[in-house]
Amino acid sequence: MAGAKRHEPALQAEQPPAGPKADASMMQENRRRQSLGKQASAANAFAEPLLRTDPTNKEDRMTVTVNFPFSRNLRSAQPRRLSRISDGDTPVIEQPIRMVSCDTPEKAGYAGKPEKSQPKLDLCRERLTSGFYDQVPEDFRQYLCTKLTADAAERHIGAGDRATGVFDSRLAERLTRPDGVVRRVATIPTGQMIDSYGRLLAYIAPWFSGPPNDPVPLPDHPDRRTLNLDMVENGWAAFFPIYPSLPRNRDMNLAITAAETAWGNKRGAWDEFGEDMLLAYEFRMCIKLGTAETAAQGLQRAFQRICIDLRDCSEKGRFGWHDVPPPYRLWVWADEIEQARTDLGL
């Protein structure tokens with residue numbers, strides 16, 4: 001504003017008068033400064049600076065910029081429904097969870113109903129046999145082609161619908177107490193925490209409120225198992241461990257045993273929809289291969305992970321996992337393989 005005076009810093013004293021009164025004035029000023037110094041030393045990091053400036057005056061503004069040399073693990077914005085707020089910095093929202101280490105068949109929402117998704121799989125098969133994807137080893141192409149049947153989409157999506165129903169029933173069964181009260185869901189976030197779709201990566205299980213009405217089961221009791229493990233053991237989810245979102249060694253071994261049981265006995269999806277049904281990650285991979293505009297684009301989108309054979313911790317690369325039985329496939333993102341070699345002793 002025109003004519004406004006600049007606000008001088010609070011510690012800048014007026015010029016003391018000359019003459020006999022100067023000593024008294026200086027003593028008074030020194031006491032005032034000492035008092036302000038004590039106040040400043042007691043202030044916390046958020047205290048207002050004693051040297052005040054006028055933020056409306058361009059000459060008084062101080063701009064601070066930073067350029068920290070490290071990469072951030074950020075995700076794009078996602079819409080979430082607000083349920084309530086508990087205080088000034090804690091909103092409660094509806095947050096989807098991606099259950100880790102398990103992978104159920106896709107539903108029609110991923111690539112369309114069978115009449116739309118089957119042509120994509122057919123084109124994938126054609127490309128695998130015509131040389132379009134000649135960078136893919138022949139034995140791996142043959143493995144995929146045996147699964148890319150004329151009804152591959154119908155069977156896979158049918159298995160996805162069934163897996164959803166099984167999961168819904170299992171949730172209701174395990175979350176309902178004997179007295180009819182519905183338990184809360186225990187969430188155990190792990191690894192990457194949030195995926196590229198904004199989903200929380202976690203294991204989930206029933207939350208037991210404790211005695212007298214809902215005592216916590218003993219550690220080895222089946223009621224303590226995660227729903228992730230349930231879906232692997234009943235055969236409706238493929239075992240799908242991805243580094244670094246891995247459970248503790250004891251739980252990892254339980255999951256391997258559950259996967260062996262489901263695969264060995266052909267439970268769930270394998271029983272109802274056939275042993276040659278595309279697993280969920282195979283289905284997504286083939287859809288990407290069938291819809292890519294170029295071979296390079298298809299390979300980049302479809303093969304972003306490296307497979308580790310859990311039987312001997314050997315690396316199978318991007319294309320060599322077809323000879324590894326499903327219970328023994330561990331996945332590592334290609335750009336994290338060096339760290340995984342250190343962490344997992346590969």
Side-chain angles (χ1 to χ4, degrees), residues 96 98-129 132-133 136 140-170 195-197 199 227-228 230-242 258-259 261-292 298-299 301-305 307 318-319 321-329 331:
R98 174 59 166 95
M99 293 165 56
V100 293
S101 296
C102 64
D103 197 19
T104 62
E106 297 291 344
K107 298 171 66 176
Y110 181 77
K113 295 181 179 180
E115 55 268 26
K116 289 187 177 181
S117 53
Q118 185 63 44
K120 300 172 185 177
L121 297 180
D122 292 340
L123 182 55
C124 173
R125 180 185 176 90
E126 177 184 332
R127 288 177 167 182
L128 289 170
T129 56
F132 185 84
Y133 287 120
V136 179
F140 185 66
R141 281 182 277 150
Q142 291 177 351
Y143 166 81
L144 292 177
C145 286
T146 60
K147 292 193 163 194
L148 289 168
T149 60
D151 62 348
E154 181 180 5
R155 287 192 292 146
H156 185 88
I157 294 170
D161 291 334
R162 279 283 289 121
T164 301
V166 170
F167 180 56
D168 188 49
S169 298
R170 192 66 177 141
D195 71 2
S196 58
Y197 299 100
R199 299 174 298 183
L227 273 298
N228 312 53
D230 276 357
M231 294 301 290
V232 170
E233 189 168 59
N234 62 28
W236 289 106
F239 186 39
F240 194 45
I242 304 178
T261 300
W263 172 249
N265 295 307
K266 300 300 180 284
R267 291 180 176 176
W270 288 301
D271 177 43
E272 293 192 24
F273 296 93
E275 184 177 339
D276 63 342
M277 181 196 75
L278 286 166
L279 301 181
Y281 52 84
E282 296 172 339
F283 179 81
R284 294 189 296 268
M285 179 185 65
C286 290
I287 291 294
K288 292 171 183 175
L289 293 174
T291 57
L299 294 173
R301 291 180 177 178
F303 300 103
Q304 298 183 25
R305 288 182 290 261
C307 181
R318 300 171 190 258
F319 310 116
W321 46 267
H322 57 286
D323 60 352
V324 180
Y328 309 120
R329 296 171 184 171
W331 303 93

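Rounding to the nearest 0.5 Å gives a distance of 6.0 Å between CH2 of W270 and CG of L279. Taking CG of L289 as the start and CG of L144 as the end, the distance is 7.5 Å to the nearest 0.5 Å. For the atom pair CD of E233 and CG of N265, the computed distance is 10.0 Å after rounding to the nearest 0.5 Å. To the nearest 0.5 angstrom, R125 atom CZ is 10.5 Å from C286 atom SG. Distance check, rounded to the nearest 0.5 Å: CG of L148 to CG of D151 gives 11.0 Å. With values rounded to the nearest 0.5 angstrom, K113 atom NZ is found 10.0 Å from I157 atom CD1.
Residues R141 and V136 come closest through the heavy atom pair NE-O, 2.7 Å. Nearest heavy atom pair, residue P105 against residue M277, reads CG-CE, 4.3 Å. Heavy-atom minimum distance, V232 versus A262: O-CB, 3.3 Å. Nearest approach of R155 to T149, heavy atoms of both residues: NH2-OG1, 3.0 Å. Of all heavy-atom pairs between L121 and A153, the closest is CD1-N, 3.7 Å. A pairwise comparison of heavy atoms in A163 and T104 identifies CB-CB, 4.1 Å as the closest pair.
Within the 4.5 Å cutoff, side-chain heavy atoms of S101 are placed close to those of F239. The closest side-chain heavy-atom distance from Q304 to W331 is not below 4.5 Å. At a threshold of 4.5 Å between non-hydrogen side-chain atoms, the residues R284 and E106 count as touching. In this structure, V100 and I242 have side chains that are not in contact, with every pair of non-hydrogen atoms separated by 4.5 Å or more. Counting only heavy atoms from C-beta outward, the side chains of P327 and W263 approach each other to under 4.5 Å.
Checking Y143 against E282 by side-chain atom types alone, a donor-acceptor pair falls below 3.5 Å.
Under 4.0 Å is where a charged nitrogen must lie from a carboxylate oxygen, and between R329 and D103 no such pair does. Under 4.0 Å is where a charged nitrogen must lie from a carboxylate oxygen, and between R267 and D271 no such pair does. Salt bridge R98/D195: absent, no basic N to carboxylate O contact under 4.0 Å.
Within 6.0 Å of NZ on K120 lie more than 12 heavy atoms contributed by other residues, nucleotides or ligands. Heavy-atom neighbours of E272 CD from other residues, nucleotides or ligands within 6.0 Å: above the threshold of 12. Atom NZ of K266 has more than 12 heavy atoms from other residues, nucleotides or ligands within 6.0 Å.
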Verdict with supporting geometry, C145 and T129, side-chain contact (heavy atoms from CB on, under 4.5 Å): CA-CA 8 Å; C145 286; T129 56; 3.7 Å; yes
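Under the 6.0 Å cut-off for aromatic ring centres, W321 and F140 qualify, their centroids lying closer than that.
Between F273 and W236, the angle of the ring planes goes over 60°, which puts this pair in the perpendicular group of the 30/60° scheme.
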